[in-house]
Chemist: 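Before I ask anything, let me first share the structure, which is written out below as structure tokens.
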Amino acid sequence: MKIAIVCYPTFGGSGVVATELGIALANRGHEVHFVTYRQPVRLGLLNNKIHFHEVHVPEYPLFQYQPYELALSSKLVDTIKLYGIELLHVHYAIPHAYAGYMAKQMLLEEHIHIPMITTLHGTDITLVGKHPFYKPAVTFSINNSDVVTSVSASLKQQTLDIFDIKREIAVIPNFIDKSKYSSAFTDCQRSLMAEDHEKIITHISNFRKVKRIPDVIHIFNRVQEKLPAKLVMVGEGPEKEGAELLCEELGIADKVIFLGNSNEIDRILCFSDLFVLPSESESFGLAALEAMINKVPVISSNAGGIPEVNEHGVTGFLSDVGNVAEMAENAIKILHDDTVLEKFKENAVKSAEKFDILEVLPLYEAVYEKAYNSRFDKKM
Ligand code: GMT
């Protein structure tokens with residue numbers, strides 16, 4: 001099948017999922033066309049099965065805001081016609097589902113029926129999408145998608161609670177590719193980050209408020225009072241500077257390493273002992289799943305879809321949002337004894353394997369087929 005994928009090309013989870021999905025689809029023989037404003041960060045070499053089409057938004061002084069949706073829907077129309085694309089999969093409702101719907105309508109004028117799958121990722125619903133300024137447009141584009149999927153049962157429920165949804169929502173969880181990890185690294189180069197006797201705690205995110213970055217620092221601060229440890233902070237975002245200051249204030253700056261954005265997540269997770277994700281809201285927590293497949297247990301909040309990924313007492317521990325004292329205690333519970341740590345590591349990887357791409361890809365292929373076969377129906 002020829003599939004166009006629209007996503008954010010950045011380090012955020014939705015872009016990562018869309019990119020990895022596209023690569024997996026191409027490996028299965030589909031022809032995949034990414035349509036976005038920059039080549040997605042996780043997308044490596046392009047080939048005859050993976051194409052990238054850049055959306056250009058020319059600056060025009062009259063516009064205070066450049067019309068990206070307009071440029072995207074025009075680019076979609078052109079790409080779909082030029083390459084004979086059969087199906088459109090948009091990741092993140094805003095503004096991709098809206099632009100996709102406009103492209104669909106323009107193509108219909110030319111008797112081209114292109115089914116659209118919309119995948120909801122989280123903040124497009126729980127933070128941005130529910131804002132009254134966007135809500136009518138988001139509701140409209142969800143209800144006018146041919147198939148809607150959400151990355152967790154929790155996100156599905158939140159979508160139904162917040163919006164007036166008249167469509168079925170299929171839950172298709174995020175995934176990892178376990179074959180990539182079985183032989184990943186023989187030497188993690190742990191010594192570059194910490195002394196042998198120190199434990200390594202890692203946090204990876206886009207450093208937005210919703211990630212509760214100060215909680216990560218406070219949890220680490222409590223842990224390092226009890227056992228020798230380093231904290232590795234990966235990512236960039238508005239909360240980073242405050243986090244650096246907080247480390248100074250707490251006198252732990254020499255134990256915290258801020259790495260910025262990285263394309264070497266697996267290498268970093270390879271030398272990590274524990275992953276911390278205390279988010280205020282999290283539809284799934286792909287970062288936690290990526291940690292788990294790299295044998296890293298997770299200390300997290302119990303927000304949103306995290307409990308669908310991190311199993312309490314098995315792959316790590318869950319606590320109420322903001323309960324840093326309990327999160328620190330649980331972290332110490334895991335880290336203080338190497339036998340306990342080893343058990344949690346084994347459980348983490350075993351549990352993550354349930355989200356292997358081989359299990360999840362057929363779910364997407366099934367909804368693609370359903371959408372494609374009913375493309376002439378008025379409303380599926
Ligand atoms: O976590 C973010 O802020 C980025 C955001 C995105 O849309 O890229 O991530 C969301 O989608 C990911 C992939 O489906 C999920 O794993 C994250 O949990 C979700 N983030 C939130 O719900 C806050």
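Side-chain atoms are counted along with the backbone in the values below, which use heavy atoms only and exclude waters and symmetry mates. All ligand and atom numbering here is 1-based and tracks the order in the structure.
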Chemist: Are any non-hydrogen side-chain atoms of Asn174 and Glu20 less than 4.5 angstrom apart?
Modeler: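 No; the side chains remain at least 4.5 Å from each other.
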
Chemist: Is Tyr92 touching ligand 1 with its side chain, its backbone, both, or neither, if touching means heavy atoms under 4.0 Å apart?
Modeler: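 It is the side chain that touches ligand 1; the backbone stays farther off.
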
Chemist: Please confirm whether the ring centroid of Phe344 lies under 6.0 Å from the ring centroid of Phe317.
Modeler: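 Close enough - the centres of the two rings lie under 6.0 Å apart.
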
Chemist: Taking C-beta and beyond as the side chain, do Val147 and Thr118 meet within less than 4.5 Å on heavy atoms?
Modeler: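 No. Closest side-chain heavy atoms not under 4.5 Å.
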
Chemist: Using a 4.0 Å cut-off to any heavy atom of Val151, which atoms of ligand 1 qualify?
Modeler: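 So the answer, numbered in order with elements, is 14 (O).
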
Chemist: Considering only protein heavy atoms, which is closest to atom 11 (O) of ligand 1, and at what distance to one decimal place?
Modeler: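 Answer, as residue, atom name and distance: His121 O, 3.2 Å.
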
Chemist: Please confirm whether the ring centroid of Tyr368 lies under 6.0 Å from the ring centroid of His30.
Modeler: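 Not close enough - the centres of the two rings lie 6.0 Å or further apart.
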
Chemist: What residue and heavy atom of the protein are closest to atom 22 (O) of ligand 1, and at what distance?
Modeler: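 Here the closest protein heavy atom is Ser283 N, 2.8 Å.
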
Chemist: Suppose I only count heavy atoms of Gly285 and a 4.0 Å limit; which atoms of ligand 1 are within that range?
Modeler: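 Heavy-atom distances to Gly285 below 4.0 Å select 15 (C), 16 (O), 17 (C), 18 (O).
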
Chemist: Among Ala303, Gly122, Ser281, which one puts a heavy atom closest to atom 23 (C) of ligand 1?
Modeler: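 That would be Ser281.
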
Chemist: Which protein heavy atom lies closest to atom 9 (O) of ligand 1, and at what distance to 0.1 Å?
Modeler: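 Here the closest protein heavy atom is Gly13 N, 4.0 Å.
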
Chemist: In this structure, is the centre-to-centre distance between the rings of His203 and Phe220 below 6.0 Å?
Modeler: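 For Phe220 and His203, the ring centres are not under 6.0 Å apart.
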
Chemist: Atom 20 (N) of ligand 1: which protein heavy atom is closest, and how many Å away?
Modeler: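 Here the closest protein heavy atom is Glu282 OE2, 3.1 Å.
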
Chemist: Looking only at the aromatic ring of each residue, does the gap between the centers of Tyr8 and His96 stay below 6.0 angstrom?
Modeler: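 Yes; Tyr8 has its ring centre under 6.0 Å from that of His96.
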
Chemist: For Arg208, state whether at least one heavy atom is located under 4.0 Å from any atom of ligand 1.
Modeler: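 Heavy atoms of Arg208 never come under 4.0 Å of ligand 1.
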
